[in-house]
2 protein chains.
Amino acid sequence: MEINQIIDNIYPLTSKSKNLIKETIIEIKFPKGHILFKANKIETSIYFIKKGIARAYAYSDDNQITFWFGKEGDPIVSMQSYVNNQKGYEDVELLEDCVLYELKIEKLQKLFLENIHIANWGRKFSELELIKSEKRLIALQFNTATERYLALIENYPSIIQRVQLSHIASYLGITQVSLSRIRANIK
Amino acid sequence: MEINQIIDNIYPLTSKSKNLIKETIIEIKFPKGHILFKANKIETSIYFIKKGIARAYAYSDDNQITFWFGKEGDPIVSMQSYVNNQKGYEDVELLEDCVLYELKIEKLQKLFLENIHIANWGRKFSELELIKSEKRLIALQFNTATERYLALIENYPSIIQRVQLSHIASYLGITQVSLSRIRANIK
DNA sequence: AAAACTATTTAACAAATGATAAAAACGATA
DNA sequence: TATCGTTTTTATCATTTGTTAAATAGTTTT
């Protein structure tokens with residue numbers, strides 16, 4: 001997805017303000033398997049996905065638990081770094097060859113203080129992420145694993161083709177074995 | 001908690017900007033049991049809790065599931081109304097006699113467009129709520145019910161005195177019976 | 001195509017949680 | 001204090017999910 005559309009989908013800006021954001025952005029490619037963010041590190045950039053798919057995961061004991069997927073148009077953000085300038089707890093791995101738009105957090109925050117339209121764009125950005133997070137939280141609390149799996153393939157059918165089931169299982173809050181069972185029961 | 005402190009805890013403002021927000025705020029009291037927000041309704045206000053405690057819940061089949069608690073200093077927001085001007089899915093019930101600060105969403109949004117400091121205050125507000133939501137999500141996905149219960153009483157010991165266990169159980173994503181079992185096993 | 005490696009499914013048993021009902025504890029109030 | 005209503009705990013059994021290991025399927029490499 002092109003950067004103009006990504007920016008405007010969050011909150012439409014005049015081309016003047018949009019250009020101020022775009023001047024801080026560079027396009028950058030990474031191969032499949034690249035680790036974009038490392039846990040326990042303060043990240044200095046956020047990204048938007050032009051092409052590709054990524055996951056964020058953290059460790060629980062020895063095993064990785066995926067808690068976020070991003071695809072074309074989605075932002076990749078270490079919230080602890082972005083909001084509090086603190087170390088994040090997640091790795092982000094690219095699951096396909098990716099083309100990303102990179103924004104330096106420092107430059108963006110400078111724009112927030114200088115340009116009210118961009119400040120409101122940044123406000124809207126967090127508001128939309130908050131809505132996503134809240135919906136995800138409620139799904140996890142209200143729905144069974146089977147319901148969450150059906151909702152996922154309903155909302156994003158091609159994820160099954162693009163992401164391996166072990167990652168999807170941990171995203172759903174269950175083991176891979178349990179997901180396999182659920183898939184067998186649905187048919 | 002006083003409104004000046006609540007505002008400054010989100011993002012410190014000059015007294016001039018802070019006064020613009022404070023001019024839109026009224027203090028208002030409600031008795032225990034009052035239903036502040038109703039599901040399937042567009043809410044026109046957000047609140048901050050000066051004194052008291054509240055919960056948000058929604059229905060799953062016939063039973064209420066609590067997915068949020070708020071205490072002194074916390075905001076009470078129907079995110080769907082606040083962000084998208086759409087109907088929310090939650091009721092908010094006051095669990096004690098409460099003193100609240102009320103802000104009309106419309107007035108606040110007008111200030112966001114007029115005052116860059118307030119726009120950044122609004123940005124920070126959502127960012128902080130987002131961090132809370134993400135932490136909650138990860139706790140739900142990573143930790144067992146027992147761990148979530150222990151973390152809750154660690155972070156907020158007095159909640160056991162202020163909120164009945166059936167609400168806490170659904171907040172933790174388990175039944176009341178299951179929570180009772182967990183509590184019996186801990187001792 | 002065979003071999004090596006990885007991902008997914010299946011099986012068997014253990015542990016955690018859900019559902020329902022009854023008992024006990026707690027609070028409010030007459 | 002006795003009674004009524006509500007909340008919490010306990011008990012029992014069913015269901016779901018976890019754990020471990022082995023089997024199968026799918027991919028990549030040689």
Side-chain angles (χ1 to χ4, degrees), chain A residues 31-35 53 55 57-67 69 93-97 138-153 157-187, chain B residues 31-33 35 53 55 57-67 69 93-97 139-153 157-187:
Chain A
K32 175 175 175 169
H34 178 73
I35 303 295
I53 192 165
R55 71 174 180 121
Y57 61 91
Y59 284 88
S60 176
D61 301 318
D62 260 358
N63 51 334
Q64 298 179 353
I65 298 184
T66 298
F67 62 90
F69 290 116
E93 178 193 7
L94 306 183
L95 300 175
E96 298 174 351
D97 292 346
I138 285 176
L140 212 52
Q141 202 177 340
F142 282 61
N143 301 328
T144 64
T146 303
E147 289 167 341
R148 297 198 299 273
Y149 174 70
L150 291 173
L152 180 67
I153 56 177
S158 66
I159 197 170
I160 301 294
Q161 276 63 258
R162 297 178 80 180
V163 177
Q164 65 183 55
L165 289 173
S166 58
H167 297 154
I168 292 174
S170 75
Y171 177 81
L172 295 171
I174 54 179
T175 60
Q176 182 174 3
V177 174
S178 192
L179 176 57
S180 207
R181 246 182 319 222
I182 286 169
R183 283 160 57 83
N185 284 336
I186 284 168
K187 287 163 197 162
Chain B
K32 175 176 176 170
I35 303 296
I53 192 165
R55 71 175 181 121
Y57 61 91
Y59 283 88
S60 176
D61 302 316
D62 260 358
N63 50 334
Q64 298 179 354
I65 298 183
T66 298
F67 61 90
F69 289 116
E93 178 193 7
L94 306 183
L95 301 175
E96 297 174 352
D97 292 345
L140 213 51
Q141 201 178 339
F142 281 60
N143 301 329
T144 64
T146 303
E147 290 167 341
R148 298 199 298 276
Y149 174 70
L150 290 173
L152 180 67
I153 55 177
S158 66
I159 196 170
I160 301 293
Q161 275 64 256
R162 297 178 80 180
V163 177
Q164 64 184 56
L165 289 172
S166 57
H167 297 153
I168 292 174
S170 74
Y171 177 82
L172 295 171
I174 55 179
T175 60
Q176 182 175 4
V177 174
S178 192
L179 176 58
S180 207
R181 247 185 315 225
I182 286 168
R183 284 160 56 84
N185 284 336
I186 284 168
K187 289 163 198 165

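Below, chain A is the first sequence line, B the second, and so on; all start at residue 1.
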| Which atoms form the tightest heavy-atom contact between A/Phe142 and B/Ser60, and what is the distance? | CD2-CB, 3.9 Å
| query | Taking all atoms of both residues into account, what is the closest heavy-atom pair of A/Ser170 and A/Thr66, and its distance? | reply | OG-N, 2.8 Å
Reckon [X] has a side-chain N or O less than 4.0 Å from the OP1 or OP2 of [N]?
| X | N | result |
| --- | --- | --- |
| A/Thr175 | D/dT17 | no |
| A/Ser178 | D/dG18 | yes |
| B/Arg183 | D/dT9 | yes |
| A/Ser180 | C/dT8 | no |

| Relative to the 5' end of DNA chain D, which residue comes earlier, A/Ile174 or B/Gln176, by the nucleotide with the nearest heavy atom? | B/Gln176
| With B/Leu95, the side-chain contact (heavy atoms from CB on, under 4.5 Å) member among B/Arg162, B/His167, B/Gln164 | B/His167
| request: Can you figure out which of D/dT9, C/dA19, D/dT17 approaches the side chain of B/Leu165 most closely? | output: D/dT9
| Nearest listed nucleotide, side chain of A/Val177, among C/dT10, C/dT17, D/dT8 | C/dT10
| task | Could you state the atom-to-atom distance from CD of A/Glu147 to P of C/dG18 in whole Å? | result | 13 Å
| query | How long is the span from the CD atom in A/Gln161 to the CD1 atom in A/Ile53, to the nearest 0.5 Å? | reply | 10.5 Å
